[in-house]
Amino acid sequence: MEEKDIRKLQRYIGKRPQGQTDEQVMARLEKEDAKHHFTSEEWTKFLFPLCANAQSEMFMKILERATLNCEDATTLIEHTVSFRQHPDFPEKEHEQVAILDKLLQYITDECRQEVLNKALISSAWFGEYELVKYLISNGADLSAQSNGRSIEDLAQRAADQFGDSRVLDLIHDTNSRDEGGER
């Protein structure tokens, strides 16, 4: 399948015209697969809009047909944490965590800390509370920095921009526990 056709299907998956259900989107993909015989690499490309839109159920369905390696999973993790989900819909944050949890299974020990830290940096930047909480619980380093800015600086930026201080409060609470010797 040509790259332009893959991008067209990615847009279709991400936009879901007329509020189509997962079943309707999957039926369309299966129809296209019958015509074009998607490779596992092509199925992997269809995961991107699902990561961006935090659609974990559909993500899991397509993941069954994809073949991921550490590099693919790292790229998809970066894509998952690079979009702010609306805090009025906490289920979307939980869906982000479900996707991230699945993708972390493909990350090798050699690059795990780096992947966790980069994901934490993006999640703090976007003020994604559930992701930050999940990443900290999985070993992301609160002392990680991005362009000389601490995780706390990034969380403050998110609080200022989005009016949502949950991540900043979480970081303060975590740091206070760590300084007190509790864990």
Side-chain angles (χ1 to χ4, degrees), residues 10-11 13-16 44-60 63 68-183:
Q10 286 174 320
R11 281 190 302 278
I13 293 166
K15 300 247 184 240
R16 292 182 174 245
T44 299
K45 291 177 182 182
F46 299 142
L47 294 171
F48 281 91
L50 301 169
C51 291
N53 294 328
Q55 295 172 323
S56 63
E57 193 173 315
M58 185 74 168
F59 175 89
M60 300 306 172
L63 183 61
L68 294 184
N69 57 36
C70 184
E71 185 179 340
D72 294 331
T74 299
T75 302
L76 287 167
I77 287 170
E78 291 169 2
H79 206 64
T80 302
V81 301
S82 294
F83 294 90
R84 179 169 170 78
Q85 300 300 323
H86 199 283
D88 289 342
F89 301 102
E91 67 277 359
K92 288 305 233 179
E93 289 185 354
H94 292 288
E95 288 193 49
Q96 281 180 298
V97 170
I99 290 170
L100 193 64
D101 187 58
K102 192 65 171 176
L103 290 170
L104 281 175
Q105 295 174 21
Y106 295 91
I107 302 300
T108 62
D109 291 341
E110 296 81 35
C111 66
R112 186 176 178 86
Q113 192 63 55
E114 181 182 355
V115 169
L116 287 170
N117 292 349
K118 283 183 177 180
L120 178 63
I121 287 166
S122 289
S123 297
W125 176 263
F126 286 105
E128 292 291 359
Y129 175 76
E130 292 297 334
L131 282 175
V132 169
K133 186 168 74 169
Y134 174 83
L135 289 162
I136 291 169
S137 73
N138 278 276
D141 186 356
L142 278 174
S143 67
Q145 292 195 354
S146 175
N147 298 322
R149 296 175 79 179
S150 70
I151 298 298
E152 185 174 351
D153 293 339
L154 299 172
Q156 181 65 60
R157 186 215 69 91
D160 294 344
Q161 181 170 350
F162 303 118
D164 181 356
S165 65
R166 294 177 302 155
V167 171
L168 188 59
D169 295 343
L170 174 65
I171 291 167
H172 286 154
D173 290 348
T174 303
N175 285 336
S176 293
R177 278 195 308 272
D178 289 349
E179 289 169 7
E182 295 176 31
R183 192 86 178 150

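Quick note: numbers below take in every heavy atom, side chains included, and nothing from hydrogens, waters or symmetry partners. The first residue in the sequence is number 1, and the count goes up from there.
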So, do [X] and [Y] sit near enough that their side-chain heavy atoms are less than 4.5 Å apart?
X      : Y      : result
Ile77  : Lys118 : no
Leu120 : Leu142 : yes
Thr75  : Phe48  : yes
Glu130 : Lys92  : no
Leu68  : Leu47  : yes
Leu63  : Lys102 : yes
Leu170 : Tyr129 : yes
Phe162 : Arg157 : yes

Sidechain-backbone polar pair: [X] side chain, [Y] backbone, donor-acceptor under 3.5 Å:
X      : Y      : result
Asn53  : Gly14  : yes
Glu152 : His172 : no
Glu95  : Ser56  : yes
Ser122 : Ala119 : no
Asp153 : Ser150 : yes
Gln113 : Gly139 : yes
Gln96  : Thr80  : yes

Lys133 with Asp173: basic N within carboxylate O range, under 4.0 Å: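 So Lys133 does not pair with Asp173 through a salt bridge.
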Nearest 0.5 Å please: distance from the [atom1] atom of [X] over to the [atom2] atom of [Y].
X      : Y      : atom1 : atom2 : value
Cys51  : Phe59  : SG    : CZ    : 4.5 Å
Ile171 : Leu154 : CD1   : CG    : 8.0 Å
Met58  : Leu50  : CE    : CG    : 6.0 Å
Ser123 : Glu93  : OG    : CD    : 9.5 Å
Leu131 : His94  : CG    : NE2   : 10.5 Å

With Asn117, the side chain to side chain contact (heavy atoms under 4.5 Å, CB included) member among Ile151, Leu135, Asp141: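 When side chain to side chain contact (heavy atoms under 4.5 Å, CB included) is applied between Asn117 and each of Ile151, Leu135, Asp141, only Asp141 qualifies.
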Donor-acceptor pair between Tyr106 and Asp72 side chains, under 3.5 angstrom: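 Note: Tyr106 and Asp72 side chains miss the donor-acceptor criterion.
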No-hydrogen, no-angle side-chain donor-acceptor test under 3.5 Å, Thr108 and Glu110: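 Judged by distance alone, the side chains do pair up.
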Residue pair Gln145 / Ile121: nearest heavy atoms and the distance that separates them: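 For Gln145 versus Ile121, the nearest heavy atoms are O-CD1, 3.4 Å.
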Over 12 non-hydrogen atoms of neighbours within 6.0 angstrom of CG in Asn69: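 Atom CG in Asn69 is crowded, with more than 12 foreign heavy atoms closer than 6.0 Å.
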